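Just so you know, these numbers come straight off a predicted model, no measurement behind them. All heavy atoms count here, side chains included; hydrogens, waters and symmetry mates do not.
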Amino acid sequence: MPPRREKKGGSTMGEVVTREYTINMHKRLHGIGFKYRAPRAVKEIKKFAEKQMGTKDVRIDTRLNKAIWAQGVRGVPFRMRVRLARLRNEDEDSVHKLYTLVTHVLIAKGGFKGLQTENVETATD
């Protein structure tokens with residue numbers, strides 16, 4: 001048998017980290033009625049952020065909300081580039097130690113080709 005490997009220092013879910021993702025909204029909103037598309041887009045972004053960052057507390061930036069709703073309730077963009085930042089919760093009496101802040105990253109129309117998930121270096125490091 002191969003030798004046993006030592007366990008690493010535990011889970012990385014406690015770390016403060018920032019990443020950029022491209023979310024395919026088109027596949028997440030397929031089959032959703034027109035009047036429910038933008039509200040469902042907000043819910044789907046929250047669900048995506050919760051899954052990727054492992055935090056129950058997800059907060060959507062107002063500029064991202066404006067970008068979702070910019071073309072009306074029916075015209076949600078097919079793809080969106082978002083920045084997910086896992087941050088420490090300043091509120092002491094909160095149940096969750098960390099929360100995720102989701103902000104919009106401006107990309108030129110049709111400029112999503114070749115973009116991958118990237119770790120973003122924060123200025124506070």
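Inter-residue side-chain proximity for Lys47 and Lys43 is flagged as unmet; no heavy-atom pair is nearer than 4.5 Å. Between Lys56 and Glu50 the shortest side-chain heavy-atom distance falls below 4.5 Å. Counting heavy atoms from C-beta on, the side chains of Val82 and Leu64 come closer than 4.5 Å. Two residues are said to be in side-chain contact when any heavy atoms from C-beta on lie closer than 4.5 Å; Val120 and Arg19 fail this criterion. With a 4.5 Å cut-off on side-chain heavy atoms, Arg88 and Leu98 count as touching.
A chain of hydrophobic side-chain contacts below 4.5 Å, direct or via other Ile, Leu, Val, Met, Phe, Trp or Tyr residues, connects Val76 to Ile23. Put simply, Val42 and Val105 are part of two different groups of oily side chains (I, L, V, M, F, W, Y) that touch within less than 4.5 Å, one to the next.
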Evaluate side-chain contact (heavy atoms from CB on, under 4.5 Å) for Thr18 paired with Arg86, printing each intermediate quantity in order.
CA-CA 6 Å; Thr18 304; Arg86 191 188 307 135; over 6 Å; no

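Residues satisfying the side-chain contact (heavy atoms from CB on, under 4.5 Å) test with Gln52, not counting sequence neighbours, are Tyr21, Phe48, Leu84. With sequence neighbours excluded, the residues that form a side-chain contact (heavy atoms from CB on, under 4.5 Å) with Asp91 are Asn89, Asp93, Ser94. Residues that satisfy the side-chain contact (heavy atoms from CB on, under 4.5 Å) test with Phe112, not counting sequence neighbours, are Thr22, Arg79, Arg81, Ile107, Leu115. Residues passing the side-chain contact (heavy atoms from CB on, under 4.5 Å) test with Lys46 are Val58, Ile60, sequence neighbours excluded.
The side chain to side chain donor-acceptor pair (under 3.5 Å) contacts involving residues 97-108 comprise Thr55-Thr100, where partners must be two or more places apart or lie in separate chains.
A salt bridge is absent between Asp61 and Arg59: the closest approach of a Lys/Arg side-chain nitrogen to an acidic carboxylate oxygen does not fall below 4.0 angstrom.
The CZ atom of Arg37 sits 13.0 Å away from the CD1 atom of Ile68 when rounded to the nearest 0.5 Å. If you take CG on Leu87 and CE on Met53, they are separated by 9.0 Å, rounding to the nearest 0.5 Å.
Between Ala38 and Gly72, the closest heavy-atom pair is CB-O, 4.4 Å.
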Using a 3.5 Å cut-off and no angle test, enumerate the donor-acceptor pairs between side-chain atoms of residues 25-36 and protein atoms at least two apart in sequence or in another chain.
residue	atom	partner	partner atom	Å
Arg28	NH1	Asn24	O	3.1

